Amino acid sequence: MRAYGSVEKLIDVQKRIAKRALDTIKPLRVTPKHVVGLDVAYSRTYGGVAVATLVDFESKQLVDYSVAVGEPRLEYIPGLLAFREAPLLYTALQSLGHDFDLVVVDGHGISHPRRAGIATHIGLALGKPSIGVAKKKLYGDEVHVRGVSQCIEYPCIVGYLVDENGYKLAYLVVSNKRSRAPIYVSPGAGIDLDSALRVAMEMILGTKLPLPTHYADRISKHIARQLDRGVLKPSQLKKGIKRLDGFIAGQA
DNA sequence: GCGACAG
DNA sequence: ATCTTGTCGC
């Protein structure tokens with residue numbers, strides 16, 4: 001982890017990031033047109049495989065995607081995920097070369113020990129609203145408002161996450177009838193909790209994750225496997241929706 | 001010392 | 001995250 005200095009140093013950076021992000025938390029006044037999804041999978045031979053997807057909010061269709069491959073500069077340390085994955089995600093986002101209005105990141109936003117999860121880091125750096133959607137809890141106490149068996153429609157809000165002061169950090173959402181555990185939806189930056197929840201829920205269509213992140217997860221894992229099989233080379237990676245043929249279809 | 005611990 | 005066979009359920 002020498003590439004960044006000490007852990008204490010990184011923690012200080014996050015405290016500053018959190019302070020800045022706090023001022024950007026506000027209701028989302030507009031309906032996004034294009035939403036980006038960000039996620040990273042891992043290849044044993046080439047390291048991280050970051051994917052940025054572009055989804056049309058209205059039609060819910062995958063418009064395009066881009067990829068970036070490289071060895072992470074830092075090991076995985078709970079709470080410091082942003083320093084490990086954000087750099088590669090930025091690279092993927094740049095090659096996407098398309099404008100967008102909001103970004104959904106695989107991981108937490110303010111539901112983080114210092115209120116600076118990877119979604120917060122990215123949203124602040126990009127200057128655009130960001131939402132964090134994680135599959136597991138990192139920080140906070142869970143408050144359940146209803147049991148999974150009490151859900152009538154999906155996605156279903158089963159509770160929320162609060163900090164030591166009772167402040168809401170994220171919502172616990174059970175995406176579909178098959179899902180057991182909930183996903184955690186929190187604001188990263190430039191958007192408040194309720195707006196983040198609304199946008200995230202509108203993009204969950206039978207999937208466990210919102211479409212942008214759902215696609216990024218599938219594509220990144222697919223590419224990581226192809227790389228490890230040797231049927232695909234990093235030099236041939238770029239971007240393209242054309243080669244995703246039928247694989248994108250039956251994914252719900 | 002023990003439990004928690006995004007990806 | 002990734003490593004992995006079978007198994008339970010729709």
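These numbers were taken from a predicted model, which means no experiment stands behind them. Worth knowing before you read on, the calculation uses all heavy atoms, side chains too, and leaves out hydrogens, waters and symmetry mates. Quick note on labels: first sequence line is chain A, next is B, and so on, each numbered from 1.
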>> So if I take residues 109-126 of chain A and measure heavy-atom distances to DNA chain B, which residues fall below 4.0 Å?
In response: A:H112, A:G117, A:I118
> A:E142: what forms a side chain to side chain donor-acceptor pair (under 3.5 Å) with it, not counting sequence neighbours?
Replying inline: A:H144, A:Y184
>> Counting runs of three or more consecutive pairs, Watson-Crick or G-U wobble, with each distance below 3.5 Å, where are the stems of DNA chain B?
In response: none
> Sequence neighbours excluded, which residues qualify as ring pair (Phe, Tyr, Trp, His ring centres under 6.0 Å) partners of A:H112?
Replying inline: none
> Quick one: side chain to side chain donor-acceptor pair (under 3.5 Å) pairs with a partner in residues 155-168 of chain A, sequence neighbours left out?
Replying inline: A:R115-A:D163, A:R115-A:E164, A:Y139-A:E164
> Restricting to pairs with a member in residues 24-33 of chain A, which pass side chain to side chain donor-acceptor pair (under 3.5 Å), not counting sequence neighbours?
Replying inline: A:K33-A:D56
> Does any residue of residues 189-204 of chain A have a heavy atom under 4.0 Å from DNA chain B, and if so, which ones, in number order?
Replying inline: none
> What stems involve DNA chain C, if each pair must be Watson-Crick or G-U and both of its distances must be under 3.5 Å, with 3 or more such pairs in a row?
Replying inline: none
> What parts of residues 146-167 of chain A reach DNA chain B, counting only heavy atoms under 4.0 Å away?
Replying inline: none
> Taking 5' to 3' order, which nucleotide of DNA chain B is first and which is last to have an atom within less than 4.0 Å of a heavy atom in chain A?
Replying inline: B:dC5 to B:dG7
>> Please enumerate all residues that pass ring pair (Phe, Tyr, Trp, His ring centres under 6.0 Å) together with A:F83, with sequence neighbours excluded.
In response: A:Y4, A:H121
> Base, backbone or nothing for each nucleotide of nucleotides 3-10 of chain C, written B, S, -, heavy atoms under 4.0 angstrom, 5' to 3'?
Replying inline: --------
